[in-house]
Amino acid sequence: MLNIKNLVAHMISDKIDILTVDDLMDILEYPPNPDMGDVALPCFKLSRILKKSPVQIADELAAILPEDKYIERIEPVSGYLNFFVNRDIFIKETVEAILTKSKNYGSSNIGNGKNVVIDYSAPNIAKPFHIGHLRSTSIGNALYNIFEFTGYNCIGVNHLGDWGTQFGKLIVAYKKWGSKDRVEKYQITELMDLYVKYHEEAEKHPELDDEARAWFTKMEKGDKEALNLWQWFKDISLKEFSRIYELLDISFDSYAGESFYNDKMDAVIDELEEKELLTESEGAHIVDLEEYEMPPCLILKKDGSTLYATRDITAAIFRKNKYDFDKCIYVTGAAQSLHFRQWFKVIELMGYDWADKLVHVPFGTISIGGEKMATRKGKVILLEDVLNEAIDKTLSIIDEKNPDLENKESIAKQMGVGAIIFSDLSSNRIKDISFSWDEILNFDGETGPYVQYTHARACSVLSKADITNYHSFDPSLIDSRKEYNLVKSLALFPIKVVKAMEELEPSIITRYLVDLAQDFNRFYHNHSILNVDDVEIKKGRIALTFATKTTLENGLKLIGLKAPERV
RNA sequence: GUACCUGUAGCUCAGUUGGAUAGAGCGUUUGACUACGAAUCAAAAGGCCGCGGGUUCGAAUCCUGCCAGGUACACCA
């Protein structure tokens, strides 16, 4: 497909020897206003190299650049050299590429089949799935789709938090205050209550923590009673999680959680010992990182049990052996940044040259009314409540606006869930989010339902179209400002996909979809698509509508949303 | 205390990696459905881009010093 920047870069590079195509790709930019051109060369930087004024450079270049079928005209304007592409060719090539590639429009083979492990979601067993867990899940899932779309082979890992002292705490709480009946009856809610109760009591009686640690040590040593309880709690949690993943329509290639690495950690500890990285400090075994201006990385507690970092290091080595990844991506909260820097460094110190293939993808914290959510205090908003609330609201909107719609419940689910995911992915992942029911349940403006509605509207128009040979449209009849803006927007999709992949930033796709939907809606309101007499004009507009529908659908799928044809 | 992140319209956020007049949505005010779907569109109002200095043809963007908020910093994950 036509890449205007690249084309112009070649044109100029041919005329000015000292500038390479790559240099020019960096310098060239898109003018703020389409009236000023499609690509611009600011000549200020060249001024020093060429020892001429920017104005003079622009004028001279305009005179010597060769004619090109893709470039309609070139205009020097006060130090800028503005290029106007041949719109007919640009429109034709862009729209035809979309019609031809269809579901593959925007995809590429940059990854060349290389493996990428994506570690995301990773909820803690025995804790409810709250709104805070959504971020890792939605970002990770979107990255999975984006990497697949750019030619990588992804392995999605749900590194379940199914091991650690927290289970010791839960066992203590269960034995002191719980009952089999209550747990069976109330499932995860009861587990959460026990967990909260434990923390209340532990404030007053710190010796409970010793008991909890003791139970965890028992687990690590294979104690039957401890392990049976643990397995029971885990089964209850998994049942709950799978219900939520089903709602979100997200699945994983592996559920190898922390407990999976139990029997694999000894070897790694030995290895650390052999490589003389392990030192003893205050009774614990650590890797000293003072030289790298970081606190030490804790490997073993003084009672000999393992820690988070121990399991992460073990898991990374295991994954490298099993998947030979080109990248291993960890989608977790920004609060864990130091932890990742620490153990990434340990991997490097162990002499593994793939340490630089480990990537932490941090995201901001979600708070409610300015306060952080804390399972330990029972202060949480459950994700399932939010999803159900959104689905209910969607259903009532459908009942009001489109009561005859078929499969109402299914569509309401697709849009309600979509609204939540979309909202979660709409700003840069590093930004903190303040949860608000009003905002998350507002379906006007830059929202998932807006994009889905736009897609359904395009589908609706297409289903009423009475001609099918619109592939052979005449681009010169697509001549309005609104139409051209839409085509330019459509052409951006593949670029945005690559950018989202490189920057590990799904919000680039989310924002793009809003822009594209806006451009389509403006076009839609300004032009009749079907109610025009001229068949040739109609063909072009139908082609545009089809191209928009295709691109919206591809984009929505990347961020994990459905694209229903009727809403 | 140290390190990292954030600061742009009343609110939530973009800002093409240093370019031309800083853009969207929500909210507010106003206009457009007997119309290819009004979950839409159009218009108005709303800005010392946290503050000061520096770098240069040119800064929301880079450097630096402050200020404010968040987070992390040894046996939780």
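Since we're looking at a predicted model, the values are computed, not measured. First the proteins, then the strands, lettered A, B, ... as listed; each starts at 1.
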Practice task
Rounded to whole angstrom, note down the P distance from B:G52 over to B:C73.
Solution key: 36 Å
When both distances are under 3.5 Å in a Watson-Crick or G-U wobble arrangement, the nucleotide paired with B:G1 is B:C73
* Between B:U29 and B:U16 - C1' atom distance, rounded Å -> 34 Å
Looking only at side-chain N and O atoms, does A:Arg213 come under 4.0 Å of OP1 or OP2 in B:C76?
yes
A:Arg311 has its side chain closest, among B:U71, B:A77, B:A38, to B:A77
For B:C41, the nucleotide meeting Watson-Crick or G-U wobble distances (both under 3.5 Å) is B:G31
Tell me whether A:Arg135 is salt-bridged to A:Asp424, with the criterion being a basic N under 4.0 Å from an acidic carboxylate O. yes
Scanning both residues in full, the closest heavy-atom pair of A:Ala142 with A:Leu425 reads CB-CD1, 4.1 Å
Checking B:G37, B:C75, B:C5 against the side chain of A:Arg457 (C-beta onward), the nearest is B:G37
When we call it a touch if two heavy atoms are under 4.0 Å apart, what does A:Ile529 touch: a base, just sugar-phosphate, or nothing? base
Assign each of A:Thr306 and A:Ala456 the nucleotide of RNA chain B bearing its closest heavy atom; nearer the 5' end lies the nucleotide of A:Ala456
Between B:U56 and B:A72, how far apart are the P atoms? Round to whole Å, please. 41 Å
Picking from B:C36, B:A72, B:A39, the nucleotide nearest the side-chain atoms of A:Asp444 would be B:A39
Classified by glycosidic angle (syn within 90° of 0, else anti), B:C67 comes out anti
Which of B:C36, B:C41, B:G37 is nearest the side chain of A:Asn531? It is B:C36
- request: Would you please indicate yes or no on a ring centroid separation below 6.0 angstrom for A:Tyr330 and A:Trp343?
  value: yes
- Query: Any ion pair linking A:Asp209 and A:Lys169 (charged N to carboxylate O, less than 4.0 Å)?
  - Reply: no
Practice item. With P as the reference atom in both, quote the distance from B:U12 to B:G27 in angstrom, rounded to an integer. Key: 15 Å
Taking a pair to mean Watson-Crick or G-U wobble geometry with both distances below 3.5 Å, B:A24 pairs with B:U12
message = Distance check, P atoms only: B:C13 and B:U71, in whole angstrom units.
response = 16 Å
Closest to the side chain of A:Thr165, out of B:U71, B:A77, B:C36, is B:A77
Taking only side-chain N and O atoms of A:Tyr308, does any of them lie within less than 4.0 angstrom of OP1 or OP2 on B:A77? no
Going by an N to O cut-off under 4.0 Å, is there a salt bridge joining A:Asp533 and A:Lys538?
no
As its Watson-Crick or G-U partner within any shown strand, both distances under 3.5 Å, B:C66 has B:G50
Regarding the side chain of A:Ala335, the nearest nucleotide among B:C73, B:U71, B:U40 is B:U71
- Under a 4.0 Å N-O cut-off, is there an ion pair linking A:Lys499 with A:Glu505? no
query: What is the nucleic acid contact for A:Leu298, judged by heavy atoms within less than 4.0 Å: base, sugar-phosphate only, or nothing?
result: base
By nearest-heavy-atom nucleotide on RNA chain B, the more 5' of A:Lys301 and A:Tyr524 is A:Tyr524
Across every strand shown, the nucleotide meeting Watson-Crick or G-U wobble geometry with B:A60 (both distances under 3.5 Å) is none
- Do the charged groups of A:Lys549 and A:Glu553 touch, with an N to O distance under 4.0 Å? yes
For this session: For B:U61 versus B:U6, give the span between their P atoms, rounded off to a whole number of Å.
Result: 14 Å
key: 4.5 Å side-chain heavy-atom contact, A:Phe167 and A:Ile125   = yes
Winner on side-chain proximity to A:Ala284, out of B:C41, B:A39, B:C75, is B:C75
(Q) So A:His527, base contact, sugar-phosphate only, or nothing? Heavy-atom distance under 4.0 Å. (A) base
If only side-chain N and O atoms of A:Arg341 are considered, is one of them under 4.0 Å from the OP1 or OP2 phosphate oxygen of B:C4?
no
Per the glycosidic torsion and the 90° limit around 0, nucleotide B:U17 is syn
Considering only heavy side-chain atoms of A:Lys302, the closest of B:G25, B:A39, B:C75 is B:C75
| query | When you check the gap from the basic side-chain N to the acidic O, do A:Glu536 and A:Lys539 get nearer than 4.0 Å? | reply | yes
Reading nucleotides 12-23 of chain B from 5' to 3' and marking B where a protein heavy atom lies under 4.0 Å of the base, S where only the sugar-phosphate is that close, and - otherwise, the string is SSSSBBSBB---
Exercise. Expressed in whole Å, how much space separates the C1' atoms belonging to B:A24 and B:G69?
Worked result: 25 Å
